[in-house]
Amino acid sequence: MTSEIDGSTGSSASVPARVWRFLRGPRFIDLPIRLLALIMGLTILVPGSFEITEPRYSALLILAYGLIVLASFRPLSIVIATTGLSIGFSMLYPDLENMFPEALILATAVLISRRRWIGFALGTIGLAVYLGASTRLGSYDAGFEGLTDLGYGWLTYSILGLCASFVEARIHREIDRRERAAVDHQKSLDAMRARFTSDMHDTISHSLTTESAIIRTLARESDSETADRLLAELALVNAEATKRLRQLVTSLSKWETESCTEDRATSRIRFRAEAEQLTTAIEDGCAAGSVPLTTELSPLPTHATGTLGHHLRAVMLELATNVIRYSVPGTPSTLAVEMRGGSGDRAELLCRSTNESPTTLTQAPRSLSRRAKAVGGVCRVNADDQKRTVVEVALPIRFISGSASASTNDAMIDVVDEDFETSTEAPGASSAGTSTANGAAVADRSVDSGITGPDAQFREADRRTKGDRDKVDA
């Protein structure tokens, strides 16, 4: 691994650098092992190491200590050499301490640290052969005492070598993990950049193209009512583009602390605030084009998943656009958003547009129907008592706790909220209020909250209506 890290220097590295890489070794644990072997080899300098002054004995002892140092570089060769030298030294000096088995044991430990099992087995067999020969010759390491001494050294060094092997493997796994994390991080960063670039391009190009088309049409338009409609639609397009650009910039600034792979199904948004900002932008855009459109919001959950916010924005903008385009000029129109309680933790989010239309609408708009069916909802078209066209989109939702994770089921949209409570239908409450559309809305809310009579009417009056004020600071 270290040689791979230094591989970028190539053949142009200096001689000292190449020598250092050779001494350090290709693995992380090679340098500590070689330092240990060097320390063991330097013990020859300890007084009393030479038991006799015979030149041949001194040469063999120096050779033994040299092989101890070399055992960390060429362990298999040292295993073969020291096996024969150990037996030969025992035959020449049976009464003196033999240092060649120490080199044999260290070389065997180096082999097991490299997980070279065959070499480790050969070293173990060589040590056993030496013990047998020493016992036969009656040398220094003969008998049970020699077996205990050398066996304990072999076991100790083998365990240390095996632990070193595990440490090396652990280091490699950690390096691989960090490399994979770096690659995944780079991929996520590239995906975030590509997504941001694509979203920015789509938002700007689509908004500019739509606004340019509306402005060109407006320049050729002589009818004041049609011009007002175009102005209102232009204001809506501009408001939506501004909102989208702000969201993109916000997502980019929060990317360092949040996962850039987070999707709308698991994200958490301030749903009530988003709905208020959306309806305010729609009403202000219609006011700019002199389109009498009012918006109404019933109590909504404080938080929700990003999927719900995405579908609410798409549905409300399309309903507002249809009202601007197809309603009778000068007639008042209404956009309403409310919650309709169901059984248990199930409910419906209702988006309703009411306006006078020059023609009778017999079927639901295709795009709204397609969006509603995609999440298990429905888009209905009918007329109220005043023969006005009512388009209603119902999106099914499921209330979950704030700590629960959002579901990825496309059939239901999860709402994350702690303080929005729903209750089951009160017995007999369904008979309240059946004469008008507003009365029906009062009845639905009284059913959901368990309130009837004057309290239900007060709840209806308390419902937020944006048409009675100039502007709401969301």
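Excluded from the calculations below are hydrogen atoms, water molecules and symmetry mates; all remaining heavy atoms, backbone and side chain alike, are included. Everything numeric in this text was worked out from a predicted model, so none of it was measured.
One finds the CG atom of Asp184 at 12.5 Å from the CG atom of Leu189 (value rounded to the nearest 0.5 Å). Rounded to the nearest 0.5 angstrom, Leu127 CG and Leu122 CG are separated by 12.5 Å. Distance CG/Leu70 to CZ/Arg34: 10.5 Å, rounded to 0.5 Å. Atom CD1 in Ile78 sits 10.0 Å away from atom CG in Leu104 (nearest 0.5 Å). Rounding to the nearest 0.5 angstrom, the gap separating the OG atom in Ser72 from the CD1 atom in Ile29 is 11.5 Å. Annotation: the span from Thr280 atom OG1 to Glu276 atom CD amounts to 7.0 Å, rounded to 0.5 Å.
In this view, Ser77 and Arg74 satisfy the side-chain contact (heavy atoms from CB on, under 4.5 Å) rule, not counting sequence neighbours. Residues passing the ring pair (Phe, Tyr, Trp, His ring centres under 6.0 Å) test with Phe166, sequence neighbours excluded: none. Scanning for side chain to side chain donor-acceptor pair (under 3.5 Å) contacts around Arg116 gives an empty result, with sequence neighbours left out. Listed by chain and number, the residues in a side chain to side chain donor-acceptor pair (under 3.5 Å) with Arg173 amount to none (sequence neighbours excluded). With sequence neighbours left out, the side-chain contact (heavy atoms from CB on, under 4.5 Å) criterion links Ala109 to Tyr157. Applying the side chain to side chain donor-acceptor pair (under 3.5 Å) criterion to Ser327, with sequence neighbours excluded, gives no partner residue. Partners of Glu356 by side-chain contact (heavy atoms from CB on, under 4.5 Å), not counting sequence neighbours, listed by chain and number: Val328, Thr331, Arg388. With sequence neighbours excluded, the residues forming a side-chain contact (heavy atoms from CB on, under 4.5 Å) with Ile112 are Trp117, Phe120, Leu162, listed by chain and number. Partners of Arg178 under the side chain to side chain donor-acceptor pair (under 3.5 Å) rule, at least two apart in sequence or in another chain, are Glu174.
The shortest distance between side-chain heavy atoms of Met339 and Leu350 does not fall below 4.5 Å. Using a 4.5 Å heavy-atom threshold, the side chains of Leu300 and Leu349 count as touching. Residues Leu278 and Leu317 are in side-chain contact: their nearest non-hydrogen atoms beyond the backbone lie under 4.5 Å apart. Side chains of Thr294 and Leu335 form no contact here, defined as non-hydrogen atoms less than 4.5 Å apart. Counting heavy atoms from C-beta outward, Val79 and Leu111 have side chains that approach closer than 4.5 Å. Side chains of Met316 and Leu312 form a contact here, defined as non-hydrogen atoms less than 4.5 Å apart. Leu23 places a side-chain heavy atom less than 4.5 Å from the side chain of Phe73. No side-chain heavy atom of Val390 sits less than 4.5 Å from a side-chain heavy atom of Val381.
Proximity of a side-chain donor or acceptor of Ser113 to a complementary backbone N or O of Val110 within less than 3.5 Å is detected. Using a distance-only test at 3.5 Å, with no hydrogens or angles considered, no donor-acceptor pair links the side chain of Thr156 to the main chain of Gly153.
Residue pairs that meet the salt bridge (charged side-chain N to carboxylate O under 4.0 Å, His left out) test with at least one member in residues 327-337, sequence neighbours left out, do not exist here.
Closest approach of Ser353 and Val323 over heavy atoms only: CB-CG2, 3.9 Å. Minimum interatomic distance between Cys379 and Val393 (heavy atoms only, all atoms of both residues): SG-CG2, 3.9 Å. Pairing each heavy atom of Cys351 with each of Val315, the nearest pair is CB-CG1, 3.8 Å. Here the closest heavy-atom approach between residue Ala304 and residue Phe271 is recorded as CB-CB, 3.5 Å.
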Would you tabulate the side-chain donor-acceptor contacts of residues 368-377 under 3.5 Å, counting partners in other chains and residues two or more places apart, or write 'none'?
| from | atom 1 | to | atom 2 | distance (Å) |
| --- | --- | --- | --- | --- |
| Ser369 | OG | Pro365 | O | 3.0 |
| Arg371 | NH1 | His311 | ND1 | 3.4 |

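A salt bridge does not link Arg27 with Glu168: none of the charged nitrogens is closer than 4.0 Å to a carboxylate oxygen. Here Arg352 does not pair with Glu296 in a salt bridge; the nearest charged N to carboxylate O distance is not below 4.0 Å.
Side-chain contact annotation: Thr124 with Trp154, donor-acceptor N/O pair under 3.5 Å present.
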What verdict does the side chain to side chain contact (heavy atoms under 4.5 Å, CB included) test give for Met40 and Leu106, after you've listed the backbone C-alpha separation in whole Å, the side-chain angles of each residue and the deciding distance to 0.1 Å? CA-CA 10 Å; Met40 293 177 62; Leu106 181 60; 4.2 Å; yes
Decide yes or no on side chain to side chain contact (heavy atoms under 4.5 Å, CB included) for His303 and Arg272, but give the supporting numbers first. CA-CA 7 Å; His303 299 94; Arg272 185 182 303 167; over 6 Å; no
